[in-house]
Amino acid sequence: MSTLSDLLPAGSGGKNVDFVASGAINNAQTVGLKSDGTVEAVSSTAISASMGSKAQFNPGPVILGQYGSCFDSINNKLVVVWTDNDSGSATHQQMFSAVGTISGSTISFGATALVENGNTYSPNCVFNVSSGKVIAVHYRILSGSNNQINANEGTVNPSNNTITWTGGGSTGIRSDYNPIALIYDPVAEAVVLFSTDLDTSSYLVACVGSDTGGGNVWGSLTTIEPSGTAGKGFGNVAACFDSTNNLVVLGFKQGNGYAACTVVTVNGTNRTLTLGNKSTALSNSINGMSLVYDPVQERVVLICTNTANSSRLTYVNGTVVTSGTPVTNWASSGLVGNSTSTVFAPEGTAVYEPNTGKIAIIYRLGYAMYYTYGQVNTSNPDTSAFVSATAFQTTDYAEWVSMTVDTSQNRIGCFYYDYSTSPRQGTSTVLTVPFTQTNITSFIGIADAAISDTATGSVTIKGGIATNASLPTLTPNSVYYVQGDGTISTTSTSPAVRIGKALSSTSINLEFNS
């Protein structure tokens with residue numbers, strides 16, 4: 001020790017506290033505090049890749065058409081929106097929503113909520129973190145050619161998995177039966193909507209919505225691509241947020257069928273956009289795309305069906321830079337070997353799962369549905385590596401797939417129109433990308449002796465000095481960390497958590513603020 005504060009840390013004295021053990025705890029074991037007040041050993045468990053069991057989020061009438069989903073990161077809830085297109089039902093073309101909670105490999109839902117009373121199509125949604133609201137958009141089908149994109153705001157009640165909707169006002173885009181891409185910019189604290197606009201000869205346009213305290217207000221339209229064919233066809237517009245450069249990256253199918261990307265800078269206060277240069281991402285015809293951003297490797301990953309290569313699923317990685325050139329160092333390759341005749345849009349999508357740093361993909365090949373996952377290569381970030389695809393539905397296919405990451409559970413909620421059910425229904429399932437689960441963040445101290453399951457025993461908690469001959473041999477004055485599996489070492493690599501500095505070979509000052 002070098003100072004008196006090392007010997008007498010803040011709050012020292014009385015740092016040996018009795019707890020009830022949840023599971024057996026070894027002598028000198030690092031322990032974590034559970035929500036019920038008991039303690040358990042800090043440990044890790046390998047979670048395998050899996051696709052969970054199905055759950056219908058509306059077991060009633062036939063559901064058809066684009067689905068939208070998002071994650072409410074304040075309440076840790078999933079929200080899914082859809083339109084009921086059963087012409088024989090009294091709820092024909094009404095827009096509905098449901099709130100879901102993931103537990104392990106299943107999703108449970110609250111009561112279905114009505115968003116719009118009728119004449120709706122192609123819903124999508126996103127969570128506005130700054131306002132705490134779900135923003136849902138859809139085509140409002142009106143008489144003649146007056147169809148327009150409207151927006152609603154939803155407030156989730158986490159206690160009973162319900163949502164209350166308000167609004168229904170126009171976004172200013174007059175369009176019909178074309179894709180709607182929606183992205184939240186956390187820096188600008190605004191939502192950006194991309195679609196085609198009938199008032200500008202069906203050009204690809206965008207507008208910005210920001211919260212005013214009384215609902216989202218939408219800015220004027222910005223033309224992205226002055227072409228009446230750009231972005232046409234479901235799944236042919238996609239967006240992601242580049243959290244390194246604080247930019248929105250838009251991907252879309254050009255009039256020549258090739259994939260293009262452009263950078264968009266958002267001003268949430270004025271609700272305006274500034275466009276960067278456009279760049280062709282893939283010089284082959286595509287059909288459908290997803291766009292994800294890898295913040296670790298700082299790469300945008302475009303996943304699409306390359307129709308010029310026997311409809312093979314293809315990925316393209318690019319570096320997004322702030323100088324105005326949106327994409328450089330493009331590379332393309334077959335994502336899944338021999339995946340010819342793949343129907344990717346709108347029967348497929350992709351998301352970035354931040355806990356594992358992997359990209360998860362669902363796609364359809366013939367009448368079977370598959371999932372795969374992979375990541376941008378660290379040594380060569382312009383390439384990616386994906387595992388062999390796994391079929392999760394082979395009796396019949398699905399359509400209108402929407403995927404959303406639940407970051408509180410490290411799981412992916414998947415929603416789709418399921419042809420294998422009778423009647424055909426809106427179906428959900430949970431995709432798990434393999435990871436190591438640990439309770440390291442609950443670390444509270446070190447057991448003074450072995451504690452049997454349900455027995456009471458003493459723990460030296462943070463702010464005290466743990467002295468125990470059963471500790472690993474420590475090097476005085478060295479900083480130690482608890483690892484994800486509960487062991488103690490000087491390794492600081494995540495998910496390791498700093499616990500304190502060794503005072504001797506058998507004692508460690510457990511830092512109060514670690």
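- Separating the CG atom in N236 from the CD atom in Q254 is a distance of 11.5 Å, to the nearest 0.5 Å.
- Between atom NZ of residue K358 and atom OG of residue S384 there is a gap of 12.0 Å, rounded to the nearest 0.5 Å.
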Given side chain to side chain contact (heavy atoms under 4.5 Å, CB included), test V205 with T196 step by step and report yes or no. CA-CA 6 Å; V205 300; T196 56; over 6 Å; no
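- If you take OG on S195 and OH on Y203, they are separated by 15.5 Å, rounding to the nearest 0.5 Å.
- Between the side chains of N152 and E116, at least one donor N or O lies within less than 3.5 Å of an accepting N or O.
- The aromatic rings of F57 and F415 sit perpendicular to each other, their planes meeting at more than 60°, with 30° as the lower class boundary.
- A donor-acceptor distance shorter than 3.5 angstrom exists from the side chain of K253 to the backbone of I286, with no hydrogens or angles considered.
- Taking the six-membered ring where the residue is Trp, Y373 and Y371 present parallel rings, their angle staying beneath 30° rather than reaching 60°.
- Between the side chain of T429 and the backbone N or O of K54 there is no donor-acceptor pair closer than 3.5 Å.
- Atom OG1 of residue T265 and atom CG of residue N246 lie 9.5 Å apart, to the nearest 0.5 angstrom.
- Nearest heavy atoms, A206 versus V192: CB-CG1, 4.4 Å.
- Remark: side-chain polar atoms of S210 are paired, donor with acceptor, to backbone N or O of G268 under 3.5 angstrom.
- With hydrogens and angles ignored, the 3.5 Å screen pairs a side-chain donor or acceptor of T171 with a backbone N or O of I149.
- Note that CD1 of I361 and CE of M403 are 8.0 Å apart. Values are rounded to the nearest 0.5 Å.
- The line from CG of L193 to CG of N124 is 9.0 Å long, rounded to the nearest 0.5 Å.
- Remark: side-chain polar atoms of Y184 are not paired, donor with acceptor, to backbone N or O of I135 under 3.5 angstrom.
- For the pair M369 and M51, the minimum side-chain heavy-atom distance is 4.5 Å or more.
- Closest non-hydrogen pair, L302 versus A281, comes out as CD2-CB, 3.7 Å.
- Side-chain atoms of D406 do not come within 3.5 Å of backbone N or O of I412 as any donor-acceptor pair.
- Counting heavy atoms from C-beta on, the side chains of V79 and F127 never come closer than 4.5 Å.
- Between the N256 side chain and the Y258 main chain, a donor and an acceptor come within less than 3.5 Å of each other.
- P381 and V376 make their closest contact through O-CG1, 3.2 Å (heavy atoms, listed as atom of the first residue, atom of the second, distance).
- Y352 is listed as a side-chain neighbour of V296, based on a closest heavy-atom distance under 4.5 Å.
- The shortest distance between side-chain heavy atoms of Y363 and T305 does not fall below 4.5 Å.
- With a 4.5 Å cut-off on side-chain heavy atoms, E399 and Y419 count as touching.
- No side-chain heavy atom of V80 sits under 4.5 Å from any side-chain heavy atom of S402.
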Start with the C-alpha distance between V405 and F71, add both sets of side-chain angles, then the distance that settles side chain to side chain contact (heavy atoms under 4.5 Å, CB included), and finish with yes or no. CA-CA 7 Å; V405 180; F71 177 61; over 6 Å; no
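- Put simply, the side chain of S290 never gets that close to the backbone of I303: no donor and acceptor are under 3.5 Å apart.
- The shortest side-chain heavy-atom distance between W218 and I173 does not fall under the 4.5 Å cut-off.
- Taking all atoms of both residues into account, the shortest heavy-atom contact from V81 to A136 is CG1-CB, 4.5 Å.
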Show your reasoning for whether side chain to side chain contact (heavy atoms under 4.5 Å, CB included) applies to I359 and D294. CA-CA 8 Å; I359 297 164; D294 182 333; 5.5 Å; no
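- The closest side-chain donor-acceptor pair between Y293 and T244 falls under 3.5 angstrom.
- Scanning both residues, G413 and I107, for their nearest heavy atoms gives CA-CD1, 4.2 Å.
- In terms of modelled atom types and a separation under 3.5 Å, the side chain of T404 and the main chain of S69 share a donor-acceptor contact.
- Between the side chains of T120 and T83, at least one donor N or O lies within less than 3.5 Å of an accepting N or O.
- For the pair N355 (side chain) and N410 (backbone), a donor-acceptor distance under 3.5 Å is absent.
- Of all heavy-atom pairs spanning F252 and L204, the tightest one is CG-CD2, 3.6 Å.
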Test side chain to side chain contact (heavy atoms under 4.5 Å, CB included) applied to C240 and V249, step by step: CA-CA 5 Å; C240 66; V249 182; 4.0 Å; yes
Side chains of residues 159-167: which donor-acceptor partners sit under 3.5 Å, not counting sequence neighbours?
from	atom 1	to	atom 2	distance (Å)
S159	OG	N157	OD1	2.6
N160	OD1	T162	N	3.4
N160	OD1	T162	OG1	2.6
N161	OD1	K77	NZ	2.9
N161	OD1	T101	OG1	3.1
N161	ND2	T101	OG1	3.0
N161	ND2	S108	O	3.4
W165	NE1	S97	OG	2.8

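- Side chains of T432 and R411 form a contact here, defined as non-hydrogen atoms less than 4.5 Å apart.
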